[in-house]
Amino acid sequence: MTSNDNLMLYAKLGGFRLAVIANSICCDGDFSRVLHDRLLDGLDAAIGQLRTIMALERAILHGDDKGAVYQLKGEVEIFGRTTVDLLDELDIDHETHEYRINGGYWSNALTADDGGVHIEYPTLISLGDEELGSLAPIILAITKETGLTIRAGRIDYGMGKVFRPNHACGSERT
């Protein structure tokens, strides 16, 4: 992307941020407020990342920082992978057969019984337009116009009780 593209993206994200703030006035409950707040946090993070990218571009143009070219490449790559999670986040490591929910502890997805060994991961079920309410068209517009990935989903275990050692004894690791 060019500096001009980044400036346009910055303006679009700022405009969408204002739209989310205006829309939050119509929140009809705590759930809706949480979704609005998390979307605002995600937009703020994306805007901050773009500010960093644009500052590095300026440094390169002025020849102020020789390492800025490499840093810019990394920042652009990070921005391209940015995802805003509005509700639950699910990370799955298929190599180790582990998963974690909302950045918590890693849990093993392997189970064994008389029938053999099974791998059962929870799934992330997307919220529908009804659950997203007035945010649904805004999220769609943000995704289409900026390319920013926004996920709004909740965890569905869809399986029997999973043995998770750190929860089995009723104590949490700190």
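Treat the numbers as computed from the prediction; the structure is a model and nothing was measured.
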Measure the [atom1]-[atom2] distance between [X] and [Y] for me, rounded to the nearest 0.5 Å.
| X | Y | atom1 | atom2 | result |
| --- | --- | --- | --- | --- |
| L135 | S24 | CG | OG | 9.0 Å |
| L7 | I53 | CG | CD1 | 13.0 Å |
| F79 | N6 | CZ | CG | 7.5 Å |
| Q71 | I60 | CD | CD1 | 9.0 Å |
| T82 | L50 | OG1 | CG | 8.5 Å |
| L40 | L18 | CG | CG | 9.5 Å |

- Message: So, using ring-ring contact (aromatic ring centres under 6.0 Å, His included) as the criterion, who are the partners of H94 when residues are at least two apart?
- Response: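 ring-ring contact (aromatic ring centres under 6.0 Å, His included) check on H94 returns Y121.
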Which heavy atom of [X] sits nearest a heavy atom of [Y], and at what distance?
| X | Y | value |
| --- | --- | --- |
| A46 | L13 | CB-CD1, 4.0 Å |
| D85 | R151 | OD1-NE, 2.8 Å |
| P122 | I92 | O-CD1, 4.3 Å |
| P137 | G133 | CD-O, 3.9 Å |

- Task: Please answer: with hydrophobic residues joined when any side-chain heavy atoms are less than 4.5 Å apart, are L56 and V69 in the same cluster?
- Result: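 Linked, L56 and V69 end up in one cluster.
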[X]: what forms a side chain to side chain donor-acceptor pair (under 3.5 Å) with it, not counting sequence neighbours?
| X | answer |
| --- | --- |
| R51 | Y10 |
| N23 | H36, S134 |
| D37 | none |
| D91 | R100 |

- Message: Holding to side chain to side chain contact (heavy atoms under 4.5 Å, CB included), I want the full list of residues that pass it with L110, two or more places apart in sequence or in another chain.
- Response: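 With sequence neighbours excluded, L110 shows a side chain to side chain contact (heavy atoms under 4.5 Å, CB included) to H97, N108, V117, I119, given in chain and number order.
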- Query: In this structure, are over 12 heavy atoms from other groups packed under 6.0 Å from F31 atom CZ?
  - Reply: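 Above 12, so yes.
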- State which residues pass salt bridge (charged side-chain N to carboxylate O under 4.0 Å, His left out) with D88; sequence neighbours excluded, sorted by chain then number.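 D88 satisfies salt bridge (charged side-chain N to carboxylate O under 4.0 Å, His left out) with no residue once adjacent residues are dropped.
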- Taking salt bridge (charged side-chain N to carboxylate O under 4.0 Å, His left out) as the test, write out the residues that go with E77, two or more places apart.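 Partners of E77 by the salt bridge (charged side-chain N to carboxylate O under 4.0 Å, His left out) criterion, ordered by chain and then number, come out as R81.
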Listing, residues 141-150 side-chain donor-acceptor contacts under 3.5 Å, not counting sequence neighbours, or none:
unit_1: T143; atom_1: OG1; unit_2: I139; atom_2: O; d: 3.0
unit_1: T146; atom_1: OG1; unit_2: I142; atom_2: O; d: 2.5
unit_1: T146; atom_1: OG1; unit_2: L148; atom_2: N; d: 3.2

Name every donor-acceptor pair, under 3.5 Å, that has one atom in a side chain of residues 124-132 and the other anywhere in the protein, sequence neighbours excluded.
unit_1: E131; atom_1: OE1; unit_2: G128; atom_2: N; d: 3.1
unit_1: E131; atom_1: OE2; unit_2: R154; atom_2: NH1; d: 2.5

- Task: Please assess V84 against L43 for the test side-chain contact (heavy atoms from CB on, under 4.5 Å), listing each intermediate value before the final yes or no.
- Result: CA-CA 8 Å; V84 178; L43 290 173; over 6 Å; no
- Query: Would you say the side chain of Y99 lies within less than 4.5 Å of the side chain of I155, judging by non-hydrogen atoms?
  - Reply: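 Side-chain contact under 4.5 Å: no.
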- Message: According to salt bridge (charged side-chain N to carboxylate O under 4.0 Å, His left out), does anything in residues 10-30 pair up with another residue at least two apart or in another chain? List the pairs.
- Response: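 Counting only pairs at least two positions apart or across chains, the salt bridge (charged side-chain N to carboxylate O under 4.0 Å, His left out) contacts touching residues 10-30 are R17-D44, D30-R33.
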